[in-house]
**Q** 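Sharing a structure with you now.
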Number of protein chains: 2
Amino acid sequence: MARRDVLDLAVLGLLHDAPLHGYELRKRLAGVLGPFRALSYGTLYPCLRQLLERGWVSEQHPVAPVRRGRIVYQLSAAGKEHFEALVADGGPTTWDDESFGVRLAFFARTQSSVRLRILEGRRSRLEERLEALGAALARSRERADAYTLELQRHGLESVQREVRWLGELINAEQASRTTDPLPRQTDHTPT
Amino acid sequence: MARRDVLDLAVLGLLHDAPLHGYELRKRLAGVLGPFRALSYGTLYPCLRQLLERGWVSEQHPVAPVRRGRIVYQLSAAGKEHFEALVADGGPTTWDDESFGVRLAFFARTQSSVRLRILEGRRSRLEERLEALGAALARSRERADAYTLELQRHGLESVQREVRWLGELINAEQASRTTDPLPRQTDHTPT
DNA sequence: TTCGTCATGTAATGGGTTACATGATTAC
DNA sequence: GTAATCATGTAACCCATTACATGACGAA
C-alpha cells in the first residue's frame, strides 16, 4: 500500500462509521495513526478534496443562513467499494511500518485470511530486522561505546517483544479460524 | 535540534573518528541512525557538499591516474568546533524522536550534565505520551474493537518499557556522577 | 567479458509541515 | 465584548526518496 493509500484507507474507514467534518476527522485520525503524528490540515483538506474528486465521498455544505461552517463528508457507494478493495489487499506493502498500524486498526472489517497474511508478513519482516540488528550489535560489541551498545540492545529487545506479540495475535487468529470456519474462503495461505 | 542539525551531527561525529568517503559514510550512518532508514545518496551527497561549503569538512580527490574515484572527507578545525557546539546542546529539541537516538550515539563525547538533561527530557516527553496513550485507551475501551484495543495496549506497554529503560540509564548516569565528579561544571540542572 | 559491488552524482517527484489568513461559535 | 476554541483553507518551504546516469574495480 502506497503512502497515499494508507491515508485514504484511514479516512474512508472512519467515514464508513459515520459522516464527519474535517476538524473532527482529524481528531479521530489521531486515534488510528497514533495520538502523535496527527496530520496537519495542510494534508487533510487537500486529501479530502481529492477523495471528493474521485467520487469516493460527498460533501454537505452548511445551510442557508451560514456563510461558512462545518462541511460534512460522507462515504459514497464508490467509496465503500474502494474501501473494501483496500481492506482486501494483503500484499507485501501492507506490513510496512507506515501501513501496518492502520491496517490493524481496521482488522475488524478485514477478512480473516488477509488478517493472518498481514500478521505473518509483519512478523517475518521484523524477524529480518532482528537478524540485521543482531549482526549490527555483534559488530559493535568491541568497537562501540557503552551508550551505543545500550541503544542497540534496547532496540533489539523492543523488536523481539513485538515479534512475540505478533506471535500471540497469530495464534489467536488461527484459533478463531478453526473455531468458526469462514465460508467462501479458498485457502491459499502464504508462508 | 533541527532535522538538519541532526544529520550534521551524525556526519561530523563519524568524521571525527576518521576521514571517510561518501559510500562508506553512508554505511556507518546506518549504525548511528539504525540499520533501516539509512539515508539515500540523494540526501548524503548534497549534505556533504553543504558541509564543505560551510568549511566544516575538506575533500581529498583521488590522485592523477584515476578520473573518478573515492572522495575522502575530513573534519576541519571549524567542523570540530561546530561538532562540539552541537554536542553541547541540551535544549528541548534534543529529546525529540528524530534527535534522541543520534544524541545518544554520541554520548561518549557529551558532557555528563548534558547527557543527564537529555535523558530526563526524553523521559518526561515519554511520560506525557504515556498519559495521552492511557487517556486514548480509556476512551477506546468501550467504543473500539479488540484489535484496536490490542494495538493501543501494546503501544502503551512499549512506551512504559522505554520509560523504565531511561530510568535505568539516568540512575547509572547519576551514580557515575557521584563516583567521578566532573570539574568545571556549574550546576544548573533542570527539571 | 561480464557480473556484482563499489562509488558518485543529479533531476524529478512526492508529500508533509509551518505559517498564515479567515471566520464561526461558545463561554465568561 | 472578548477570549478561546472550533473550523476551513492556502502557499511557501523543506527535505527525503526514487529513478536515473555514469564509471571504476575485482573476481569468475
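None of these values were measured; they are calculated from a predicted model. Only this structure's heavy atoms are used, side chains among them; waters, hydrogens and symmetry mates stay out. Proteins get letters first, then strands, A, B, ... in listed order; numbering begins at 1 in each.
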**Q** Using a 4.0 Å cut-off on heavy atoms, which residues in residues 9-17 of chain A reach DNA chain D? List them by number, or say none.
**A**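 By residue number: none to list.
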**Q** What residues in residues 21-30 of chain A put a non-hydrogen atom under 4.0 Å from any atom of DNA chain D?
**A**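 Within residues 21-30 of chain A, the residues near DNA chain D are His21(A), Gly22(A), Tyr23(A).
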**Q** Could you please spell out the steps behind the salt bridge (Lys or Arg N to Asp or Glu O under 4.0 Å) verdict for Arg3(B) and Asp8(B)?
**A** CA-CA 9 Å; Arg3(B) 192 97 147 188; Asp8(B) 287 350; over 6 Å; no
**Q** Pairs in or reaching into residues 70-87 of chain A: which pass salt bridge (Lys or Arg N to Asp or Glu O under 4.0 Å), with residues at least two apart or in two chains?
**A**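 Not a single pair qualifies under salt bridge (Lys or Arg N to Asp or Glu O under 4.0 Å).
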**Q** For Glu127(A), give me all partners under side chain to side chain contact (heavy atoms under 4.5 Å, CB included), at least two apart in sequence or on another chain.
**A**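 With sequence neighbours excluded, Glu127(A) shows a side chain to side chain contact (heavy atoms under 4.5 Å, CB included) to Arg123(A), Ser124(A), Val163(A), given in chain and number order.
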**Q** Between P on dT8(C) and CG on Leu44(B), what's the gap in Å once rounded to a whole number?
**A**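 In whole Å, dT8(C) P lies 9 Å from Leu44(B) CG.
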**Q** Tell me whether the side-chain N/O atoms of Arg49(A) come closer than 4.0 Å to OP1 or OP2 in dG9(D).
**A**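 For Arg49(A), the contact criterion (side-chain N or O under 4.0 Å from OP1 or OP2 of dG9(D)) is not met.
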**Q** Quickly work out the His61(A) NE2 to dA24(C) P distance and round it to whole Å.
**A**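 Roughly 15 Å, once rounded to whole Å.
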**Q** Take atom CG of Asp97(B) and atom P of dT17(C), then tell me their distance rounded to the nearest Å.
**A**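 Rounded to whole Å, this separation is 13 Å.
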**Q** Once side-chain hydrogen bond (donor to acceptor under 3.5 Å, both in side chains) is applied, do any residues pair with Ser140(B), and if so which ones, sequence neighbours excluded?
**A**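 Per chain and number, Ser140(B) pairs via side-chain hydrogen bond (donor to acceptor under 3.5 Å, both in side chains) with Gln152(B).
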**Q** Spell out protein contact along nucleotides 17-22 of chain D as letters: B when the base is contacted, S when just the sugar-phosphate is, - when no protein heavy atom is under 4.0 Å; keep the 5' to 3' order.
**A** BB---B
**Q** Using the salt bridge (charged side-chain N to carboxylate O under 4.0 Å, His left out) criterion, which residues pair with Arg139(B)? Sequence neighbours excluded.
**A**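 Partners of Arg139(B) under the salt bridge (charged side-chain N to carboxylate O under 4.0 Å, His left out) test: none.
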**Q** On DNA chain C, compare the nucleotides closest to Ile71(B) and Arg4(A); which residue's is nearer the 5' end?
**A**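 Final value for this comparison: Ile71(B).
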**Q** Taking ring-ring contact (aromatic ring centres under 6.0 Å, His included) as the definition, give me every residue that meets it alongside His21(A), ordered by chain and number, with sequence neighbours left out.
**A**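 Result, ring-ring contact (aromatic ring centres under 6.0 Å, His included) vs His21(A): none returned.
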**Q** Report, one line per pair, each donor and acceptor closer than 3.5 Å where one atom sits in a side chain of residues 100-110 of chain B; sequence neighbours left out.
**A**
from	atom 1	to	atom 2	distance (Å)
Arg103(B)	NH1	Leu86(B)	O	3.4
Arg103(B)	NH1	Asp89(B)	O	2.8
Arg103(B)	NH2	Val87(B)	O	2.8
Arg103(B)	NH2	Asp89(B)	O	3.4
Arg109(B)	NH1	Asp17(B)	OD1	3.3
Arg109(B)	NH2	Gly13(B)	O	3.0
Thr110(B)	OG1	Phe106(B)	O	2.8

**Q** Could you give the CD-to-C1' distance, from Glu98(A) to dG14(C), as a whole number of Å?
**A**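 Taking atom C1' of dG14(C) as the reference, CD of Glu98(A) is at 14 Å.
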**Q** Once salt bridge (charged side-chain N to carboxylate O under 4.0 Å, His left out) is applied, do any residues pair with Arg161(B), and if so which ones, sequence neighbours excluded?
**A**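 Arg161(B) satisfies salt bridge (charged side-chain N to carboxylate O under 4.0 Å, His left out) with Glu157(A) only.
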**Q** Taking the side chain of Arg70(B) as heavy atoms from C-beta outward, which of dA16(D), dG9(D), dA7(C) is closest to it?
**A**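 The closest nucleotide is dA7(C).
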**Q** Starting from P on dC6(D), measure out to CG on Leu20(A) and report it in whole angstrom.
**A**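 To the nearest whole Å, that distance equals 15 Å.
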**Q** Using the test ring-ring contact (aromatic ring centres under 6.0 Å, His included), find all partners of Trp56(B) that sit at least two apart in sequence or belong to another chain.
**A**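 For Trp56(B) the ring-ring contact (aromatic ring centres under 6.0 Å, His included) partners, ignoring immediate neighbours, are His82(B).
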**Q** Find the distance Leu48(B):CG to dT10(C):P and express it as a whole number of Å.
**A**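 Rounding to the nearest Å, CG of Leu48(B) and P of dT10(C) are 12 Å apart.
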**Q** Who passes salt bridge (charged side-chain N to carboxylate O under 4.0 Å, His left out) against Lys27(A), sequence neighbours left out?
**A**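 Salt bridge (charged side-chain N to carboxylate O under 4.0 Å, His left out) check on Lys27(A) returns Glu24(A).
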**Q** So, Asp96(B) side chain and Glu98(B) main chain: donor-acceptor pair closer than 3.5 Å or not?
**A**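 Between the backbone of Glu98(B) and the side chain of Asp96(B) there is no qualifying donor-acceptor contact (under 3.5 Å).
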**Q** Between dT8(D) and Tyr45(A), is there an OP1 or OP2 to side-chain N/O distance shorter than 4.0 Å?
**A**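 Answer yes for this pair, as a side-chain N or O of Tyr45(A) is under 4.0 Å from OP1 or OP2.
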